[in-house]
Enquirer: 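Let me begin by handing over the structure; questions about it come next.
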Amino acid sequence: MNRILLSIIRKEFHHILRDPQTLVIIIIQPIIMLFLYGYAITLDMKQIEIAITDYSKTPQSRQLIHQIESTSFFKVTAFDIPERGFDRLFKERKARCALIIPSDFARSLHSKQNTKIQLLVDASDPNAANYIYKYLLQINARFTFKNNPHLVQPFLMEPRILYNPDLKAHNFFVPGLIAIIMLLISSLLTSIAIVREKERGTMEQILVSPVRPLQILVGKVIPYILIAFLDGVLIVALGHLWFRVPIIGSGLFLAATLILYVLTGLSFGLLVSTITDSQRMAMLTTLMATILPTIMLSGFIFPVASMPKIFQYLSITIPATHFLEIIRGIMLKGNGLADLTRQVLFLFGISFFLLLLSVKKFRTTLE
Amino acid sequence: MDPLEIRNLKKSYGSVPAVKGVSFNLRKGEILGLIGPDGAGKTTIIRSVVSLLLADEGEILYMGKNIRDNPTYIRSRIGYMPQRFSLYPDLTVEENLDFFGDLFQVPKQKQKQRKEELYAFSHLGPFKKRRAADLSGGMKQKLALSCMLIHQPDVLILDEPTFGVDPVSRHEFWEILKTQSRRQGTSILVTTAYMDEAGQCDRVGLMFAGRILALDQPQELEKQFTDPLYVLHCPQPHEVFEQIYHDDSLYVANLFGEGVHITLPRERTEEQLRNYLQEKRLTITKIERIKPSLEDVFLKLMHG
């Protein structure tokens with residue numbers, strides 16, 4: 001490797017190790033983000049407030065109530081509220097749903113085919129309302145099964161849940177978080193590193209020397225590939241050891257894709273640094289351009305397939321879309337390169353394009 | 001051949017002209033100073049010469065080659081010191097020197113020897129493990145200069161190197177530049193806003209509003225000022241200056257630190273000046289004939 005390049009790399013390591021701000025971005029920020037989002041973002045629903053009004057007061061109605069109370073999904077917060085009180089209850093957010101058991105509940109169970117009880121659901125959060133409804137349907141089915149053994153079910157579903165048998169939301173979100181954090185950190189690091197030289201005026205100084213643009217860019221990127229990669233290993237390890245997300249596939253393959261993904265992030269950071277002139281601007285641009293599209297469009301939470309066509313095309317341009325498939329594939333399904341060729345090629349393509357653009361846009365004058 | 005030739009350089013930022021046609025040569029081994037107030041166009045000239053800005057018009061030849069055709073040619077051969085301190089504050093004195101030595105690919109053995117030489121003349125040796133951020137203003141400038149000298153360039157280009165530096169360090173800095181040009185034959189192009197530094201240069205270009213008003217040896221420039229010049233020592237120079245300035249007299253007044261400088265037109269005598277001042281009832285403690293300084297020349301040229 002040539003001397004100028006080596007010298008730039010060595011200098012960059014000095015900068016990193018001597019700058020507290022960079023060290024915070026490298027070490028503290030990913031850990032905080034992983035824990036913060038790891039615990040905050042979850043679709044698991046627990047302790048849903050339910051109000052129950054029992055007009056029947058029979059062993060059968062108590063059995064139903066007991067079944068509801070015994071799950072951790074529901075928490076009974078109000079009991080035997082008169083019907084006109086429900087509206088208040090919902091408005092004050094003391095309950096998200098209410099169950100009204102009519103006075104003829106026990107009697108009709110024995111006489112009629114269909115026994116009706118009423119469910120009121122606050123659907124201002126439609127997703128939650130849906131969950132509540134479905135959960136109560138399950139309770140209903142179990143109750144019916146127990147109390148009416150003569151009822152013939154047309155078929156019985158035997159579910160077998162693959163790749164995430166406990167349906168742990170962490171297994172879904174932690175790899176996604178790793179994808180977001182890695183992209184953010186790697187692009188932030190490079191963009192700041194170059195823009196800082198512009199701000200300090202050192203760029204003006206080193207441009208008047210035999211150094212070539214490519215040497216500056218490559219010299220800047222190499223240290224950060226190493227650092228961002230180690231960062232990636234750190235948070236994957238945290239995800240695995242703390243959040244207990246399995247790594248079923250090859251760890252080595254995961255590491256290799258991590259390097260590739262880091263390179264994509266760094267290339268994006270380079271591009272940002274060639275079009276901004278202050279560290280603040282670079283930070284804002286990277287934050288806006290990485291976090292938002294990554295969370296919304298990459299399939300981190302919302303499946304890409306259910307997006308409108310135009311967003312589906314847009315999501316192809318987002319590195320995290322591909323890396324999410326890769327990391328979830330490797331960690332949860334044990335995918336190898338053969339299953340993920342398309343995604344890996346996309347990441348290569350995006351990195352190459354971004355690097356090319358940055359080299360082209362890198363100005364060697366002050367205009 | 002002169003190492004640097006600037007031919008009719010013009011440069012505007014948008015619609016604002018910064019340099020309006022400037023020509024000069026930097027001769028082998030000389031110190032050429034461009035002197036003028038902020039906004040005169042000095043930095044624009046410097047940045048155009050080192051190819052960081054592209055001139056709108058005109059040519060810049062380095063060693064006879066047009067820099068527009070091959071900017072790396074000049075960039076890899078000269079030593080350039082920008083206006084702001086632009087070394088790495090988080091690197092030590094030695095690390096900064098090594099970095100620039102590597103950048104200019106000074107042979108390893110040579111680099112070691114150069115560092116010792118540079119420590120010797122800059123007196124930075126004892127501070128080589130200190131971070132650049134912790135150096136004093138004067139020491140920072142000397143370090144910046146040392147970094148530019150490590151590859152022994154034939155041409156040095158410095159943009160206001162003594163700006164904001166204390167007088168003792170300024171003097172020391174100029175001594176280093178002079179030694180460099182006398183002993184090594186280095187050609188030096190330097191800008192400054194301090195008039196008193198003109199005397200340190202072999203030749204001086206007086207700059208104002210994007211033009212070089214005059215370019216010559218400092219003594220020759222001073223000779224251009226032929227009219228008799230007087231200084232009025234007075235307790236309130238500001239008022240005296242305002243009075244004479246706004247009065248449509250033939251006397252040209254300029255405000256200086258020591259008092260008001262006043263130029264006598266050919267058709268007036270010293271006697272007439274004294275009478276004029278008395279008429280105006282201005283309080284003046286002493287009137288004294290003086291030798292014109294470069295600043296007087298500059299002000300005269302500036303006012304046309």
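We name chains A, B, ... by the order of the sequence lines, and we start the count at 1 in each one.
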Enquirer: Return the option, out of A:Arg10, A:His14, A:Lys11, with the maximum number of heavy-atom pairs under 4.5 Å with chain B.
Expert: A:Lys11
Enquirer: Where does B:Phe85 contact chain A at under 4.5 Å (heavy atoms): side chain, backbone, both or neither?
Expert: backbone
Enquirer: So what's closer than 4.5 Å to chain A heavy atoms on B:Ile157: side chain, backbone, both or neither?
Expert: neither
Enquirer: Please classify the contact between B:Glu95 and chain A as side chain, backbone, both or neither, with a heavy-atom cut-off of under 4.5 Å.
Expert: side chain
Enquirer: For A:Val174 and A:His240, what are the C-alpha separation, side-chain angles and deciding distance, and is it a side chain to side chain contact (heavy atoms under 4.5 Å, CB included)?
Expert: CA-CA 9 Å; A:Val174 170; A:His240 182 57; over 6 Å; no
Enquirer: Tell me, for A:Gln215 versus chain B, whether the close heavy atoms (under 4.5 Å) come from the side chain, the backbone, both or neither.
Expert: neither
Enquirer: Do you know which of B:Val106, B:Asn96, B:Asp98, B:Val50 has the most heavy-atom pairs with chain A at a distance under 4.5 angstrom?
Expert: B:Val106
Enquirer: B:Ser23 vs B:Asn8, test: side chain to side chain donor-acceptor pair (under 3.5 Å). Steps then yes/no.
Expert: CA-CA 5 Å; B:Ser23 304; B:Asn8 192 30; 5.0 Å; no
Enquirer: Are B:Arg77 and B:Tyr62 in a cation-pi contact, defined as NZ or CZ under 6.0 Å from the six-membered ring centre and within 45° of the axis?
Expert: no
Enquirer: Tell me if the aromatic rings of A:Phe323 and A:Phe300 count as close, with their centers under 6.0 Å from one another.
Expert: no
Enquirer: Any luck finding a side-chain donor-acceptor pair between B:Glu197 and B:Thr162 under 3.5 Å?
Expert: yes
Enquirer: So for A:Arg363, is it side chain, backbone, both, or neither that comes closer than 4.5 Å to the heavy atoms of chain B?
Expert: neither
Enquirer: For the interface with chain A, which of B:Pro89, B:Ser51, B:Pro71 has the highest count of heavy-atom pairs at distances below 4.5 Å?
Expert: B:Pro89
Enquirer: Among B:Gln83, B:Arg84, B:His151, B:Met148, which residue forms the greatest number of heavy-atom pairs with chain A at distances under 4.5 Å?
Expert: B:Arg84
Enquirer: Are A:Phe229 and A:Tyr261, when compared by the centres of their aromatic rings, separated by less than 6.0 Å?
Expert: no
Enquirer: Is there a salt bridge (Lys or Arg N to Asp or Glu O under 4.0 Å) between A:Arg196 and A:Asp19 once you walk through the steps?
Expert: CA-CA 12 Å; A:Arg196 188 170 42 205; A:Asp19 180 27; 3.1 Å; yes
